[in-house]
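Everything below concerns the one structure shown next.
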2 protein chains.
Amino acid sequence: MELSHSEENYLKAIYSLSAMSDTGDAATNEIADRVQTKPPSVVDMLKKLATKKLVTYEKYKRVQLTSQGKKVAIQVVRKHRLWETFLFEKLQFNWDEVHEVAEQLEHIHSEKLIERLDQFLGHPVYDPHGDPIPSANGEIKTAKRYKLSEIEAGTTCQVVGVNDSSSDFLMYLQQLSVGIGTKIKVLERIAFDHSLMVSFKKGHQTVVSKKFADNVLVT
Amino acid sequence: MELSHSEENYLKAIYSLSAMSDTGDAATNEIADRVQTKPPSVVDMLKKLATKKLVTYEKYKRVQLTSQGKKVAIQVVRKHRLWETFLFEKLQFNWDEVHEVAEQLEHIHSEKLIERLDQFLGHPVYDPHGDPIPSANGEIKTAKRYKLSEIEAGTTCQVVGVNDSSSDFLMYLQQLSVGIGTKIKVLERIAFDHSLMVSFKKGHQTVVSKKFADNVLVT
DNA sequence: ACTAAATGTTAGAGTTACCTAATTTTATTT
DNA sequence: AAATAAAATTAGGTAACTCTAACATTTAGT
Ligand SMILES: [Mn+2]
Ligand SMILES: [Mn+2]
Ligand SMILES: [Mn+2]
Ligand SMILES: [Mn+2]
């Protein structure tokens with residue numbers, strides 16, 4: 001069954017909201033926020049998705065994806081993240097420019113296209129934001145992600161993403177030559193202001209603030 | 001002004017129909033055929049495009065693109081052909097598989113994407129079907145294209161496209177190792193059945209039928 | 001338990017892009 | 001110049017997706 005852009009966007013929104021909620025479901029207003037519409041539009045769509053068996057919905061209750069719905073949502077996420085990787089790796093888009101275009105590209109319908117793209121990119125595992133790319137059969141690498149600020153002194157870890165994507169933050173990262181994949185060793189945790197003494201590859205050593213370390217995700 | 005998929009498809013259809021007509025315009029029924037709708041839908045759309053100044057339309061007369069409309073149409077064609085080239089060159093799609101997916105990709109809205117894609121592909125001049133790719137400012141290489149069947153004996157020419165894109169024909173071409181860019185020398189024109197004696201690169205020599213030669217475009 | 005606030009739903013309507021059936025205009029024959 | 005055929009248009013309607021305003025339900029605060 002061929003879904004519309006709109007249906008796919010809703011499924012993706014419900015998927016990511018459910019993933020954050022500890023009850024595995026999403027609320028009407030949350031969805032409206034996420035897909036930039038008003039709550040009545042969400043209700044209409046939930047009814048439609050429910051008749052298509054993509055979602056289990058009872059009025060006044062939070063929605064849940066069915067396994068069918070989840071499968072579709074994950075494929076959309078896969079496409080989104082593969083396109084982001086393409087834009088970043090092959091077309092030299094910046095970190096913060098890829099999302100908007102991928103938001104459109106994720107709706108192109110072609111099995112073959114996405115499998116060939118995956119192959120062309122060398123089967124990447126993480127997108128430019130460090131988010132895991134689901135595999136063709138829907139499996140997602142879910143290595144637990146820590147804030148850099150939680151890492152013990154003496155440990156070496158690897159950057160897999162960020163919490164903040166403001167351009168101030170991204171520019172600072174660029175200046176430090178820190179990106180996805182960068183290895184960081186935590187040398188010392190400074191009790192006074194919770195800042196960290198760290199070293200990046202090649203022993204280049206600096207102090208970073210707690211605010212910085214809270215926004216860098218590592219494994 | 002951001003146009004819809006549908007509006008873009010209509011403009012593209014009117015553009016290519018106008019190019020074929022010697023009066024530089026297109027008829028309602030022709031457009032309906034091309035975009036796979038019914039004539040009343042076309043009339044609706046023509047009225048809309050007319051209020052947007054993309055088309056000059058008077059009822060019961062043939063439509064013409066305004067210069068604005070032509071500009072938009074050419075940009076859509078540019079995107080279509082660049083994406084076809086990407087699919088063919090980078091993702092190893094076959095000649096006859098690229099069109100359908102490009103039909104979707106041509107509607108992605110992003111200036112930057114298309115310029116970067118063009119650069120990534122090395123500013124190609126022809127798409128996988130041998131059709132010219134308009135430049136960023138809308139210029140189109142219009143080297144006159146001849147049928148192979150029109151070429152004089154003794155002349156060497158180069159394949160730039162085909163008239164038929166049936167898979168029977170494409171498979172035959174593949175078997176002969178003939179593709180875009182292949183050089184062909186016409187050795188002899190056989191009066192009896194208008195077939196041609198030709199040689200491909202490396203002196204490999206064969207006879208091809210008139211039907212074949214009518215469907216191979218060369219410069 | 002009662003009230004107020006927050007959340008969610010229904011009613012009714014607009015837009016885009018289609019459709020079929022009926023009608024009008026233009027083009028082609030005789 | 002009629003008559004007929006072809007092409008184009010209008011009328012009226014549907015489906016998807018969105019909205020605002022009004023109403024219903026649930027939740028949280030006292
Ligand atoms: Mn999207
Ligand atoms: Mn991402
Ligand atoms: Mn298209
Ligand atoms: Mn083409």
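Residue numbers start from 1 in every chain, and the chains themselves are labelled A, B, ... in the order their sequence lines are given, proteins ahead of strands. Heavy-atom basis, side chains included; hydrogens, waters and symmetry copies ignored.
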task: Fit a plane to each ring of A:Phe86 and B:Phe120, take the angle between them on a 0 to 90° scale, and name the class: parallel (under 30°), tilted (30 to 60°) or perpendicular (over 60°).
output: perpendicular
Nearest-Å distance for atom pair OH/P, residues B:Tyr57 and C:dT25: 13 Å
Going by atom type alone, with no hydrogens or angles, which donor-acceptor pairs under 3.5 Å involve a side-chain atom of residues 87-94 of chain A and a protein atom two or more places apart or on another chain?
residue, atom, partner, partner atom, Å
A:Gln92, NE2, A:Glu89, O, 3.3

- prompt: Quick one: is C:dT16 close enough that its OP1 or OP2 comes under 4.0 Å of any side-chain N or O from B:Ser6?
  reply: no
Which residues share a salt bridge (Lys or Arg N to Asp or Glu O under 4.0 Å) with B:Glu100, sequence neighbours left out: none
query: Taking atom P of C:dT15 as reference, at what distance in whole Å does atom NE2 of B:His5 sit?
result: 21 Å
query: What salt bridge (charged side-chain N to carboxylate O under 4.0 Å, His left out) pairs are there with at least one residue in residues 61-78 of chain A, not counting sequence neighbours?
result: A:Asp25-A:Arg62, A:Glu30-A:Arg62, A:Glu58-A:Lys61, A:Arg78-A:Glu115, A:Arg78-A:Asp118
- prompt: What are the residues of residues 21-34 of chain A, sorted by number, that bring a heavy atom to within less than 4.0 Å of DNA chain C?
  reply: A:Ala27, A:Thr28, A:Asn29
query: Whole Å only: how far is the CG atom of A:Leu46 from the P atom of D:dT18?
result: 12 Å
- request: Whole angstrom is fine here: how far is it from CG in A:Leu49 over to C1' in D:dA16?
  value: 12 Å
field: Set of residues satisfying salt bridge (Lys or Arg N to Asp or Glu O under 4.0 Å) with respect to B:Glu139, sequence neighbours excluded
entry: none
message: Please enumerate all residues that pass side chain to side chain contact (heavy atoms under 4.5 Å, CB included) together with B:His194, with sequence neighbours excluded.
response: B:Lys210
- prompt: How would you list all residue pairs meeting salt bridge (charged side-chain N to carboxylate O under 4.0 Å, His left out) that involve residues 119-138 of chain B, not counting sequence neighbours?
  reply: B:Arg81-B:Asp127, B:Asp131-B:Arg145
Short heteroatom pairs, N/O only, protein and nucleotides 2-4 of chain C, under 3.5 Å:
none

field: Residues forming a side chain to side chain donor-acceptor pair (under 3.5 Å) with B:Ser18, sequence neighbours excluded
entry: none
query: What integer distance in Å separates B:Arg62:CZ from C:dT26:C1'?
result: 13 Å
statement: By nearest-heavy-atom nucleotide on DNA chain D, the more 5' of A:Glu7 and B:Val43 is B:Val43
- line: With B for base contact, S for sugar-phosphate-only contact and - for none (protein heavy atoms under 4.0 Å), nucleotides 19-28 of chain D reads BBB--BSS--
- prompt: Can you name the side chain to side chain contact (heavy atoms under 4.5 Å, CB included) partners of B:Ser149, sequence neighbours left out?
  reply: B:Lys147, B:Ala213, B:Asp214
message: Can you confirm whether B:Leu117 sits close enough to B:Thr85 that some side-chain heavy atom of one is under 4.5 Å from a side-chain heavy atom of the other?
response: no
- request: Figure out the NZ/C1' separation between B:Lys61 and C:dT26, and round it to whole Å.
  value: 12 Å
task: Would you please confirm or rule out a distance under 4.0 Å between OP1 or OP2 of D:dT10 and any side-chain N or O of B:Lys47?
output: yes
- request: With sequence neighbours excluded, give me every ring-ring contact (aromatic ring centres under 6.0 Å, His included) pair touching residues 39-82 of chain A.
  value: A:His80-A:His99
